[in-house]
Amino acid sequence: MKGTFPINKFRELETPFYYYDTGLLRETLNTIRKETEKNNKYCVHYAVKANANPKILSVIRESGLGVDCVSGGEIKAAIKAGFPGSKIVYAGVGKTDKEINLGLDYDIFCFNVESVPELEVINELAAAKNKIARVAFRINPDVGAHTHANITTGLAENKFGISMQDMDRIIDRALEMSHVKFVGLHFHIGSQILDMGDFIALCNRINELQEKLYARQIIVEHINVGGGLGIDYAHPNRQPIPDFAEYFATYHKHLRLRPQQTLHFELGRSVVGQCGSLITRVIYVKQGTNKQFAIVDAGMTDLIRPALYQAYHKIENITSEKAMETYDVVGPICESSDVFGKAIDLNKVERGDLIALRSAGAYGEIMASGYNCRELPKGYTSDELM
């Protein structure tokens with residue numbers, strides 16, 4: 001079954017462009033709200049890095065979520081979209097002085113700190129403003145996630161975070177400082193995780209670390225488990241909303257929170273992934289020696305995930321009901337890696353047909369580039385086109 005699109009509206013628009021089903025986005029957000037309302041200790045921050053389209057951010061803000069930012073630019077985008085500083089958490093292994101000062105100026109909820117040198121700089125910059133910066137420490141739990149190597153982030157050898165062996169040392173260092181307040185522990189093991197066993201392993205490791213701190217009579221205010229929940233790229237219509245019930249229930253069952261603690265999540269892909277599609281137009285159908293190519297006007301500059309991660313996106317010819325044929329779907333970029341899919345069965349493709357690359361709401365538009373001096377794709381919502 002194909003997705004439902006306003007085809008006649010699409011024909012009027014210059015391709016390629018991103019299309020966002022804001023009805024599905026709101027339904028997804030409502031599902032998250034219903035599941036987290038079961039536990040008043042849960043707080044969800046949307047990971048802006050997945051999609052920073054202002055119209056998408058506005059819908060997410062209206063739902064009541066906070067945000068997780070990884071750059072000063074994302075903090076600015078969040079503030080512009082109406083998120084209060086009190087709902088912003090800021091992570092990143094290489095925060096600049098300018099970015100830290102920006103977070104201090106907006107009095108953000110928390111800096112997720114990834115090294116001792118960063119902690120020292122935050123303390124110094126906060127002192128210059130006569131402020132107290134709230135900090136959580138990103139601890140590498142050495143838990144491997146069953147996902148792509150490039151998006152696994154919780155192993156001991158990743159560039160991110162602080163090793164478990166150094167946890168006590170950095171906490172002690174923070175307690176000596178007068179312009180930082182240690183408020184939490186932060187974890188993130190990777191992205192596009194579909195095996196709940198990975199999250200159970202994280203819970204078990206956090207429980208161990210909490211016991212270690214409890215022996216020192218240290219109870220942190222906040223535990224932040226990051227995000228990582230994946231989506232069904234193969235069947236976007238069959239499962240347009242991830243199984244948030246199972247996801248949150250996993251933490252409820254396996255993570256031992258203290259009575260005064262709150263649990264924070266940083267969900268990105270699972271919030272916006274399924275609501276977005278990249279819409280592109282067929283320029284040429286080229287017959288090769290042993291295969292045929294559908295050459296489209298979108299390229300890796302518009303959606304880099306297939307080239308970067310060998311990621312799969314379901315591809316549909318949304319303007320044809322003709323018999324199925326097999327194509328390599330490729331873009332116009334002067335790179336041999338500019339391929340969206342090989343040996344893809346599509347309704348017979350002709351010049352001018354519209355092709356949808358599904359499940360592109362996360363890490364699609366936000367990662368677009370101007371390589372080959374190409375224009376960035378525009379983004380439209382169903383609120384605008386329906």
Side-chain angles (χ1 to χ4, degrees), residues 29-30 32-33 35-92 95-114 118-119 121-138 174 177-188 219-227 248 251 257-268 271-272:
L29 292 164
N30 284 335
I32 293 171
R33 177 181 54 78
E35 293 302 323
T36 53
E37 281 179 349
K38 296 176 182 178
N39 193 320
N40 61 11
K41 294 172 179 283
Y42 288 3
C43 180
V44 177
H45 302 263
Y46 166 66
V48 177
K49 67 176 180 283
N51 189 321
N53 183 295
K55 289 167 276 193
I56 296 299
L57 290 180
S58 179
V59 173
I60 293 171
R61 175 187 52 76
E62 290 167 2
S63 76
L65 267 60
V67 284
D68 158 43
C69 298
V70 295
S71 74
E74 287 189 0
I75 292 175
K76 289 180 180 179
I79 294 294
K80 187 175 181 180
F83 291 92
S86 61
K87 285 191 170 185
I88 297 175
V89 294
Y90 179 24
K95 304 178 187 74
T96 66
D97 290 16
K98 181 179 178 180
E99 291 173 315
I100 293 168
N101 278 322
L102 187 69
L104 291 169
D105 289 341
Y106 283 114
D107 195 24
I108 64 171
F109 174 73
C110 185
F111 291 88
N112 291 336
V113 173
E114 306 208 15
E118 179 192 336
L119 176 68
V121 169
I122 291 174
N123 182 65
E124 178 184 332
L125 295 176
K129 293 179 178 291
N130 197 29
K131 291 191 171 188
I132 306 294
R134 290 174 292 275
V135 300
F137 297 126
R138 178 170 179 173
M177 295 178 174
S178 56
H179 288 274
V180 297
K181 181 183 179 184
F182 167 53
V183 299
L185 295 177
H186 176 228
F187 305 87
H188 185 63
I219 299 177
V220 298
E221 295 176 45
H222 310 287
I223 300 295
N224 186 327
V225 292
F248 289 115
Y251 283 99
L257 287 180
R258 270 54 180 183
Q260 61 269 58
Q261 288 181 319
T262 60
L263 183 60
H264 295 251
F265 301 87
E266 297 169 346
L267 297 172
V271 179
V272 296

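Positions are given from 1 along the sequence.
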**Request:** Evaluate whether atom NZ of K41 has more than 12 neighbouring non-hydrogen atoms of other residues, nucleotides or ligands under 6.0 angstrom away.
**Result:** yes

**Heavy-atom side-chain proximity of H179 to N130 below 4.5 angstrom** = yes

**Pair F83-V48, side-chain contact (heavy atoms from CB on, under 4.5 Å): steps then yes or no** = CA-CA 12 Å; F83 291 92; V48 177; over 6 Å; no

**Request:** Quick one: pull up CG in N101 and CD1 in I122 and give me the separation to the nearest 0.5 Å.
**Result:** 10.5 Å

**Prompt:** In terms of side-chain geometry, is the basic nitrogen of E221 or R134 positioned less than 4.0 Å from the acidic oxygen of its partner?
**Reply:** no

**Complete:** On a heavy-atom basis, the closest approach of I223 and V220 is CD1-CG2, 3.6 Å

**Prompt:** Do we get K95 above Y90's six-membered ring, with its NZ or CZ under 6.0 Å from the centre and within 45° of the axis?
**Reply:** yes

**Request:** Taking all heavy atoms of I79 and all of G85, pick out the closest pair and write down the distance.
**Result:** CD1-N, 4.1 Å

**Fill in**
d(K76 NZ, E99 CD) to nearest 0.5 Å is 9.0 Å

**Prompt:** Looking at side-chain heavy atoms only, is the closest gap between D68 and F265 below 4.5 Å?
**Reply:** no

**Request:** Please report the C-alpha distance between I75 and Y106 in whole Å, then the side-chain angles of each, then the deciding distance to 0.1 Å, and finally whether the side-chain contact (heavy atoms from CB on, under 4.5 Å) criterion is met.
**Result:** CA-CA 9 Å; I75 292 175; Y106 283 114; 4.2 Å; yes

**Complete:** All heavy atoms of I132 vs all of S178, minimum pair found to be CD1-O, 3.1 Å

**Prompt:** OG/S63 to CG/N30 distance, rounded to the nearest 0.5 angstrom?
**Reply:** 8.0 Å

**Message:** Within this structure, what is the CG-CD1 distance for the pair N53 and I60, rounded to the nearest 0.5 Å?
**Reply:** 9.5 Å

**Request:** Over all heavy atoms of both residues, which pair between V135 and C110 is shortest? Give the atoms and the distance, please.
**Result:** C-SG, 3.8 Å

**Prompt:** At what distance, to the nearest 0.5 angstrom, does NE2 of H188 lie from CG of N112?
**Reply:** 11.0 Å

**Asked** Do E74 and V67 touch side chain to side chain, with heavy atoms closer than 4.5 Å?
**Response** no

**Complete:** L57 and A52 have their tightest heavy-atom pair at CD1-O, 3.6 Å

**Message:** Quick check: Y42 with Y251 (ring centres under 6.0 Å apart)?
**Reply:** no

**Message:** Does any part of the side chain of L29, heavy atoms only, come nearer than 4.5 Å to the side chain of Y46, both counted from C-beta?
**Reply:** no

**Asked** Checking E114 side chain against A91 main chain: does a donor-acceptor pair fall under 3.5 Å?
**Response** no

**Asked** Just by distance, do the side chain of K49 and the backbone of V70 share a donor-acceptor pair under 3.5 Å?
**Response** no

**Request:** On the 0 to 90° scale, with breaks at 30° and 60°, tag the F109-H222 ring pair as parallel, tilted or perpendicular.
**Result:** perpendicular

**Request:** Look up atom CD1 in I108 and atom OG in S86, then write down how far apart they are to the nearest 0.5 Å.
**Result:** 11.0 Å

**Within 6.0 angstrom of K80 NZ, more than 12 heavy atoms from elsewhere** = no

**Request:** Apply the side chain to side chain donor-acceptor pair (under 3.5 Å) test between H186 and each candidate in R138, E266, H264; give the one that qualifies.
**Result:** E266

**Request:** Before accepting this row, confirm whether a basic side-chain N of the pair D107/K131 lies closer than 4.0 Å to the acidic partner's carboxylate O.
**Result:** no

**Message:** Please give me the minimum heavy-atom distance between R33 and T36, naming the atom from each residue.
**Reply:** O-OG1, 3.2 Å

